[in-house]
There are 2 protein chains.
Amino acid sequence: MTPLYAAPLYVKVKTHILEQIRSGALQAGSRVPSENELVESFKISRMTANRALNELTTEGHLARVPGVGTFVKEATPRSSLLELRNIADEIIARGHKYTSRVEHLGEVVATPNLIEDFELKSSTKLFHIVIVHEENGMPVQFEDRYVNPFCAPNFLKQDFTAQTPTAYLLTTLPVDELEHNVEAILPDANQQRRLKIAATEPCLSLHRRSWSKGHVVTSATLIYPASRYALYSRYHTTSKGQVTQ
Amino acid sequence: MTPLYAAPLYVKVKTHILEQIRSGALQAGSRVPSENELVESFKISRMTANRALNELTTEGHLARVPGVGTFVKEATPRSSLLELRNIADEIIARGHKYTSRVEHLGEVVATPNLIEDFELKSSTKLFHIVIVHEENGMPVQFEDRYVNPFCAPNFLKQDFTAQTPTAYLLTTLPVDELEHNVEAILPDANQQRRLKIAATEPCLSLHRRSWSKGHVVTSATLIYPASRYALYSRYHTTSKGQVTQ
DNA sequence: TGTATAAGGTTGTCTATACAGTATAAGAGA
DNA sequence: TCTCTTATACTGTATAGACAACCTTATACA
């Protein structure tokens, strides 16, 4: 993980502005420093300031208007299909009994795939947990999760029968960004056994990455047997396809 | 739309490379010209070439390796999960060829299930279309859609080989509300035949209802073969408790 | 008062140059 | 043959300067 003092200048500028947005010092709609003002305050060249503001714009945080200035964009809250919810709370909210079995908990060395997932430069150790969540004794979710030790150093010391990994990470770190990829799969042998399902039962595979302060905190694959789970959402939109609610 | 001859230089370079990818002159994994080679051939400065290649990289088309070169990335076949996007646009954006086959187009009398879906009081006629969308000749989506004639009376007169139902409805009506339900399924006999897949291949089933001005405009079931497609989304979250457990 | 003009700030683009870090291939030496 | 060194190519970052286009505001003029 590159420490901030060693990061490129344009990254420092980006981080500074993002922190101001997150802290509330810069509200949606308010003006951010112009390129020339950043040149002054950071003692950088205009091209470097331009790069920082441009990248924040393509990432959706800012909006730029030629001849006028740069402004913090309105956050467009997305809705529920993929809200970050704790499955234990979901099950309890349905009035059912929640239990879980931790199948594995330990450290691994990042494989090339994991290095890419976590946006790492080189291989490091990652925390790894495999846990099966049960509703009234019936397995409903197979969770295979990797966690960045840099972001959550005390992860391994938690008791995950008392608190799900999702719940622990949510209380420990703010989530800035989410990525979801949903696929349909047939379960492999291990998943069949853990979920107590037949090899022919299709499953939803939900791969989720979470960012906090620019770092990938965790990457999880959640397997749901199709007969026991579906993803649902309903929400209002504006004319431009943005989601409100 | 800015004509290409009036576009900025870095846009010309980007367009040129994208065209080469689309035409097949640049295959996935093959090397694209280095910055210095672009400097030569386009008579531009290295910073301009750098910008073009960097932007194509953040857009997901290229991958860069310091000391080695820049390469065409594998296009990941996937659809937007939360946004209402036209699959034809998504396929074309990946640089692939989009085609479609209209399997059925006509009227039906609403069944009890459809009456409920469309929030109708009594049975009326509904428009019905079945269409298979193909990427490079390979079926990737089976679309089974019902449309409310009250909202889109001219639906049947459209040419759906030229424009997808989604595209037509989006340009005709504002979307106020969306409902999604995602499941994993095994395809039925008809879907197997239309999608040219085996009975054992799991599929994503995305059921979507769209509202406009309080009425259900359309109800669609979209089937994606798992091996060919995934659903994807990535977005920022606000710190104001949008992401709750 | 109303209108044109000028000035200054802002973003957008482009150039030429520089240095650092990384990967690969060629060559020298053991 | 094997290993170390060197040269070369490539990307990543940063600078200083330049011109264009755009917007707002102040100013001068009719």
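Here is how names work: the chains are called A, B, and so on, in the same order as the sequence lines, proteins then strands, and each is numbered from 1. Quick caveat, the model's predicted, so the values are computed rather than measured. We use all heavy atoms of the structure for the numbers below, so side chains are in, but hydrogens, waters and symmetry mates are not.
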Under 4.0 Å from OP1 or OP2 of [N]: is there any side-chain N or O of [X] that close?
X      : N       : result
R51(B) : dG12(C) : no
N36(B) : dA9(D)  : no
S45(B) : dC14(C) : no

[X] [atom1] to [N] [atom2]: how many Å, rounded?
X      : N       : atom1 : atom2 : value
K43(B) : dT13(C) : NZ    : P     : 23 Å
F42(B) : dC14(C) : CZ    : P     : 12 Å
N54(A) : dA14(D) : CG    : P     : 15 Å
R64(A) : dG12(C) : CZ    : C1'   : 9 Å
E35(A) : dC22(D) : CD    : C1'   : 14 Å
I44(A) : dA18(C) : CD1   : P     : 22 Å
L38(B) : dC14(C) : CG    : P     : 14 Å
K12(A) : dT13(D) : NZ    : C1'   : 12 Å

Between H215(A) and F118(A), ring centroids under 6.0 Å: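 Aromatic pair excluded; centres sit 6.0 Å or further apart.
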
Between H133(A) and F142(A), is the ring centroid distance below 6.0 Å?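 Between F142(A) and H133(A), which both carry aromatic rings, the centre distance is not below 6.0 Å.
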
Give the nucleotide from the list dT15(C), dC14(C), dT10(C) with an atom nearest to the side chain of M47(A).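 Of all the options, the side chain of M47(A) is nearest to dC14(C).
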
Choose from dC14(C), dT10(C), dT11(D) the nucleotide whose nearest atom is closest to any side-chain atom of Y10(B).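 For Y10(B), the side-chain atoms sit closest to dC14(C).
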
If you look at every strand shown and take non-hydrogen atoms under 4.0 Å, does N50(B) touch a base, only sugar-phosphate, or nothing?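 Contact class for N50(B): base.
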
Contact class for R46(A) (heavy atom, under 4.0 Å): base, sugar-phosphate, or nothing?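 Result for R46(A) = base.
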
Between H104(A) and H128(A), how do the two ring planes meet: parallel, tilted or perpendicular, split at 30° and 60°?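 Tilted.
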
Salt bridge between K213(B) and D176(B), side-chain N to carboxylate O under 4.0 Å?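 No, K213(B) and D176(B) are not salt-bridged.
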
Which sits closer to the 5' end of DNA chain D, T48(A) or T70(B), going by the nucleotide each is nearest to?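 In this pair, the answer is T70(B).
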
Which comes earlier along DNA chain D counting from the 5' end, the contact point of G69(B) or that of P8(A), where each point is its nearest nucleotide?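 Counting from the 5' end, the first nearest nucleotide belongs to G69(B).
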
Run through E179(A), E116(A), H207(A) and flag the one making a side chain to side chain contact (heavy atoms under 4.5 Å, CB included) with S219(A).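 So the option named by the test is H207(A).
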
